[in-house]
Number of protein chains: 8
Amino acid sequence: MGSTSDLPVMEKAADVLNDFEVPFEIIALSAHRTPEEVERYSREARDRGIKVIIAGAGMAAHLPGVIAAQTTVPVIGVPIKATLDGWDSILSILQMPPGIPVATVGVNAARNAGLLTIQMLALSDSDLMKKFTGFKEDLKKKVIRANKELATVKKYPYKTN
Amino acid sequence: MGSTSDLPVMEKAADVLNDFEVPFEIIALSAHRTPEEVERYSREARDRGIKVIIAGAGMAAHLPGVIAAQTTVPVIGVPIKATLDGWDSILSILQMPPGIPVATVGVNAARNAGLLTIQMLALSDSDLMKKFTGFKEDLKKKVIRANKELATVKKYPYKTN
Amino acid sequence: MGSTSDLPVMEKAADVLNDFEVPFEIIALSAHRTPEEVERYSREARDRGIKVIIAGAGMAAHLPGVIAAQTTVPVIGVPIKATLDGWDSILSILQMPPGIPVATVGVNAARNAGLLTIQMLALSDSDLMKKFTGFKEDLKKKVIRANKELATVKKYPYKTN
Amino acid sequence: MGSTSDLPVMEKAADVLNDFEVPFEIIALSAHRTPEEVERYSREARDRGIKVIIAGAGMAAHLPGVIAAQTTVPVIGVPIKATLDGWDSILSILQMPPGIPVATVGVNAARNAGLLTIQMLALSDSDLMKKFTGFKEDLKKKVIRANKELATVKKYPYKTN
Amino acid sequence: MGSTSDLPVMEKAADVLNDFEVPFEIIALSAHRTPEEVERYSREARDRGIKVIIAGAGMAAHLPGVIAAQTTVPVIGVPIKATLDGWDSILSILQMPPGIPVATVGVNAARNAGLLTIQMLALSDSDLMKKFTGFKEDLKKKVIRANKELATVKKYPYKTN
Amino acid sequence: MGSTSDLPVMEKAADVLNDFEVPFEIIALSAHRTPEEVERYSREARDRGIKVIIAGAGMAAHLPGVIAAQTTVPVIGVPIKATLDGWDSILSILQMPPGIPVATVGVNAARNAGLLTIQMLALSDSDLMKKFTGFKEDLKKKVIRANKELATVKKYPYKTN
Amino acid sequence: MGSTSDLPVMEKAADVLNDFEVPFEIIALSAHRTPEEVERYSREARDRGIKVIIAGAGMAAHLPGVIAAQTTVPVIGVPIKATLDGWDSILSILQMPPGIPVATVGVNAARNAGLLTIQMLALSDSDLMKKFTGFKEDLKKKVIRANKELATVKKYPYKTN
Amino acid sequence: MGSTSDLPVMEKAADVLNDFEVPFEIIALSAHRTPEEVERYSREARDRGIKVIIAGAGMAAHLPGVIAAQTTVPVIGVPIKATLDGWDSILSILQMPPGIPVATVGVNAARNAGLLTIQMLALSDSDLMKKFTGFKEDLKKKVIRANKELATVKKYPYKTN
């Protein structure tokens with residue numbers, strides 16, 4: 001992430017990885033304040049065994065794109081809302097030029113970045129795929145359960161003629 | 001893709017896959033006009049051996065999200081510019097709710113969607129990773145070569161190096 | 001509605017239907033988390049005697065369009081403001097492609113969705129039309145009454161030369 | 001429609017109504033240039049047997065809202081793109097205040113306005129409902145047919161491993 | 001104004017008129033809820049001796065345009081911020097079609113609407129022009145005085161080498 | 001106007017003034033390139049007998065506001081579309097700070113600026129008011145005439161049950 | 001700055017100049033309320049030895065451009081967020097017409113305006129350049145230090161397989 | 001510049017530098033395709049005697065910010081319009097985080113970037129300052145001359161001075 005102040009948003013990605021028992025590291029690197037560290041990190045990532053990089057940043061959010069420029073590891077970008085309702089970071093991450101993709105998720109959507117990571121890793125890890133399939137089932141059940149509670153709410157003369 | 005009229009944009013993804021010799025299929029499915037086909041396609045994708053789905057659509061672009069809802073395969077979304085300068089499709093694809101990520105690329109950026117697919121597949125395919133590493137080198141050389149041509153342009157008289 | 005968290009917005013539609021004594025049901029179905037339930041609900045709607053569907057959702061709000069794709073019943077879409085000041089849900093609902101209309105109302109305007117439902121049903125229900133005509137009269141009277149109170153406010157040297 | 005210059009957009013609604021053999025009239029009335037005519041038209045609409053009004057207008061598009069204010073007939077609004085990429089007419093039609101809904105469709109989406117009209121009328125006209133059900137089937141077939149043609153295109157080494 | 005809830009914004013216009021001792025009336029009329037009252041008010045305005053109309057409204061703000069359509073009196077429009085950060089009311093008021101101008105001021109800028117009214121009336125009222133000239137002098141003095149206070153603030157080593 | 005390149009837009013205001021036989025002058029002054037001329041012009045305007053100033057400019061359009069700052073004459077601002085679809089000039093003119101109003105019309109709406117001028121001048125010129133009243137009648141007739149032509153178009157089975 | 005109410009934002013620029021021991025003055029001048037003062041200030045700036053002017057303003061923010069028009073000293077513009085999330089001041093400052101540049105920084109980014117000033121002055125002041133080089137080193141160290149603290153956080157099973 | 005395709009926009013900056021006889025070099029470097037070259041260029045810039053860097057780029061335009069991160073030389077950013085009407089490059093350049101300013105000019109405003117460079121260099125070069133002062137005089141004369149031509153245009157009959 002671009003700054004430790006992004007931690008409250010980005011830790012939702014960490015939560016997902018913990019839930020799926022996928023090892024990870026979480027560090028703050030700034031495309032603008034620590035460019036050499038970003039470069040070194042990006043270049044060494046693959047050799048260190050890193051499979052996917054989730055990069056979150058706000059404002060003119062260059063971190064995801066700058067990392068993607070210097071590694072072959074897929075990069076997931078999380079636009080963080082800091083100013084201008086997040087439009088600046090959305091566009092700075094999403095609109096990468098031809099040749100250097102960043103897999104962008106919604107504004108502050110670190111949780112979805114974590115899940116997308118799982119999906120990428122599960123391509124070659126059948127245990128993880130099984131867990132992810134289970135996760136999708138749970139999502140569905142939660143809505144159905146919520147729906148049942150809703151049905152018992154007395155306020156609405158709930159009726160299915 | 002949501003409609004065959006999206007082909008001129010989406011075939012840039014096909015070009016990338018062809019270049020990297022990755023087998024693929026290209027079909028038109030509409031989240032709104034052929035919902036059952038989308039559902040069937042999404043559900044069967046993994047068992048048919050599909051590893052990544054690239055979904056492009058314009059306007060209220062529901063296709064990528066609707067597919068992502070029904071498969072565990074990672075989905076890459078390509079917002080296609082049809083109306084409102086593409087803002088409608090960008091937001092309809094990017095801003096997926098928690099639990100169902102779509103890896104979104106820039107507006108009309110089908111080429112980047114193709115490259116992101118290669119990166120995902122290369123996670124467990126070292127030959128593909130080698131090709132992708134070569135591709136990144138070529139990108140760089142192209143800019144350097146273009147730069148040399150620029151240096152020989154006579155129009156600008158001044159040079160300090 | 002896409003999630004039970006949308007209830008505080010959507011219950012204004014329920015209030016209108018209650019006021020007009022129109023039977024209804026209120027459930028949470030997510031285009032992304034419970035796609036089959038959405039499909040089943042949409043397909044069975046007409047046979048179950050449902051005349052109009054009001055669908056509210058936020059972010060990349062696919063629910064109204066996905067329902068509209070799978071039923072002949074008219075669908076009213078309520079963009080719910082969750083992120084980006086509601087622009088994402090507005091565009092995801094409003095900009096449906098040719099062939100699959102969604103009758104969209106303003107952001108968070110569930111009350112108006114309820115009233116639009118009444119107008120549709122009143123097309124073939126003269127009692128309801130009478131009630132709705134009364135409602136419009138009341139709207140007018142409320143403004144006129146408010147205006148009279150305003151006229152008695154002492155602050156302004158209210159003068160109609 | 002607000003002006004005869006809107007005819008090229010709005011006639012797509014007329015085409016739909018013709019296809020479904022629903023009688024209609026098409027006139028130009030301006031909320032700003034002919035306010036009394038708009039008022040008279042709106043007030044007399046129901047008694048003249050009009051069931052649904054489709055109102056299209058561009059810029060500060062007041063016509064749909066002004067009609068909706070003066071009739072109990074449901075009003076469908078079509079934002080016409082004239083300036084500012086259509087954002088002015090979208091917001092002028094969509095964001096109606098509580099109490100006066102306008103069923104808004106996408107920018108220039110007159111065809112969808114026609115279809116929404118059919119859906120509303122079909123609520124109490126089973127023949128029309130049958131035709132509309134047929135129309136939805138045709139939509140689907142068109143995409144599937146287009147897809148088959150796509151499959152025969154030689155350019156892509158179309159492969160379904 | 002479109003609703004009595006707009007009073008906190010609109011009373012700043014009243015304050016200006018009071019300051020300049022210009023008689024006025026303040027009423028709530030809704031383009032959508034009380035269309036006939038708006039019509040009657042607009043048509044009778046000139047004969048009642050009204051010189052300028054300030055109309056404030058939020059959301060799809062039709063009031064200023066609808067009044068302007070039905071009177072020859074100049075209309076000043078005040079977009080009131082209610083939803084979407086005020087963009088809806090700005091565009092609904094500003095983008096009037098050719099033939100029916102509304103003199104639009106900034107979002108919530110009722111005070112400026114009051115001052116613009118004074119300027120219009122002062123065109124044929126030399127006393128009012130004198131007062132307005134005085135007002136402009138005062139504006140300037142206030143900034144200069146504020147500046148002097150700033151100069152005495154100790155925090156900055158304020159230096160004019 | 002800010003530049004002679006704005007003439008094609010601004011001459012529509014001149015056309016209106018010619019039609020109403022109101023004397024005027026048309027000049028190019030740039031808030032940024034000729035600030036002293038703008039200042040002199042603004043300060044002398046009232047004494048030279050100028051009643052209303054129409055100022056059109058594009059991009060960061062400061063001309064209307066800068067003139068308004070230096071004269072008591074009412075200033076009408078015309079945002080000219082040059083870049084960013086006109087959003088820059090709209091906001092640079094509309095959002096004037098408290099104390100210095102500019103009567104803003106729509107983007108490129110020089111014709112409406114001319115008409116607003118007529119309305120302001122007509123406040124103390126009954127002949128002009130008569131002409132303006134006639135103009136409004138003509139506007140209406142034009143729409144009604146256009147409507148009749150529309151009614152004779154054979155394409156639509158135009159029917160008024 | 002345009003108004004003393006902008007002080008809480010603009011004093012971050014003052015803090016930077018203090019830190020680098022660069023003498024400065026801070027005053028409030030309004031392009032609209034005190035145009036002559038702005039003019040005099042701008043014209044005399046260079047002769048008074050002023051090297052760089054930082055101008056901050058909100059809404060239709062004309063101050064930076066109006067100063068730039070009347071001096072040869074480089075002007076840095078700070079868009080201040082007051083209304084419309086700051087879009088009005090961004091566009092009013094950034095989109096200057098050809099010939100009159102304003103060096104614009106991000107919304108409310110007075111600190112960056114201060115740093116940009118240092119960079120400009122350091123072009124001909126090697127001591128200042130040395131200090132600025134030190135400042136950049138410190139920026140980097142701060143991120144690295146923050147990162148170390150992050151690494152010690154127990155929450156994440158921080159692991160670099 | 002980020003790509004040789006940006007040359008038609010960026011050469012306007014070169015034209016300005018040529019006009020003022022300021023030596024310069026023009027090269028293409030991509031923050032994403034040639035990150036090491038960007039790094040080397042940025043780090044060596046000051047020692048090579050470079051005083052100001054103008055960086056233009058489109059889309060997610062990281063080049064200006066990435067250069068600014070790695071040099072103490074002031075960086076002027078030119079947002080180039082490529083997609084989304086230029087909003088993506090504006091925000092990617094303008095909204096730099098605290099500590100790393102980029103002096104941003106308007107969209108495609110390379111000419112203004114050249115002039116801003118002249119102003120920065122003229123801070124310590126009195127000859128250049130003299131030329132720049134002359135340039136500003138010429139700007140003014142051009143408008144005044146254009147104005148005289150306008151005055152002789154026969155189209156507008158009315159004149160009061």
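Each chain gets a letter, A, B and so on, in the order its sequence line appears, and its residues count up from 1. These values consider heavy atoms only, across backbone and side chains, with no hydrogens, waters or symmetry-generated copies.
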In terms of heavy-atom contacts, B/Thr71 and A/Lys136 come closest through O-NZ, 3.0 Å
Interface moiety of B/Val16 toward chain A, non-hydrogen atoms closer than 4.5 Å: neither
Let me know if B/Leu91 has heavy atoms under 4.5 Å from chain A in its side chain, its backbone, both or neither. side chain
Using non-hydrogen atoms only, which part of [X] is less than 4.5 Å away from chain B: side chain, backbone, both, or neither?
X: A/Lys51; result: both
X: A/Val107; result: both
X: A/Ala113; result: neither
X: A/Pro97; result: backbone
X: A/Ile90; result: side chain

Picking from B/Leu115, B/Leu139, B/Leu116, B/Asn112, what satisfies side chain to side chain contact (heavy atoms under 4.5 Å, CB included) with A/Ile100? B/Leu139
Between B/Thr133 and A/Arg46, is there a side-chain heavy-atom distance shorter than 4.5 Å? yes
With side chains defined as the heavy atoms from C-beta onward, is the minimum distance between A/Val73 and B/Gln119 less than 4.5 Å? no
Count the heavy-atom pairs under 4.5 Å between each of [options] and chain B, then report the option with the highest count.
options: A/Gly106, A/Pro101, A/Ala122; result: A/Pro101
options: A/Asp125, A/Leu121, A/Val105; result: A/Val105
options: A/Arg111, A/Lys140, A/Met96, A/Met120; result: A/Met120

With respect to chain A, which residue among [options] yields the maximal number of heavy-atom pairs within a distance under 4.5 Å?
options: B/Gly77, B/Ala68, B/Gly99; result: B/Gly99
options: B/Val52, B/Thr72, B/Ile93; result: B/Thr72
options: B/Pro79, B/Gly114, B/Ala109, B/Ala69; result: B/Ala69

A quick test of your reading: do over 12 heavy atoms of other residues, nucleotides or ligands sit less than 6.0 Å from NZ of B/Lys81? no
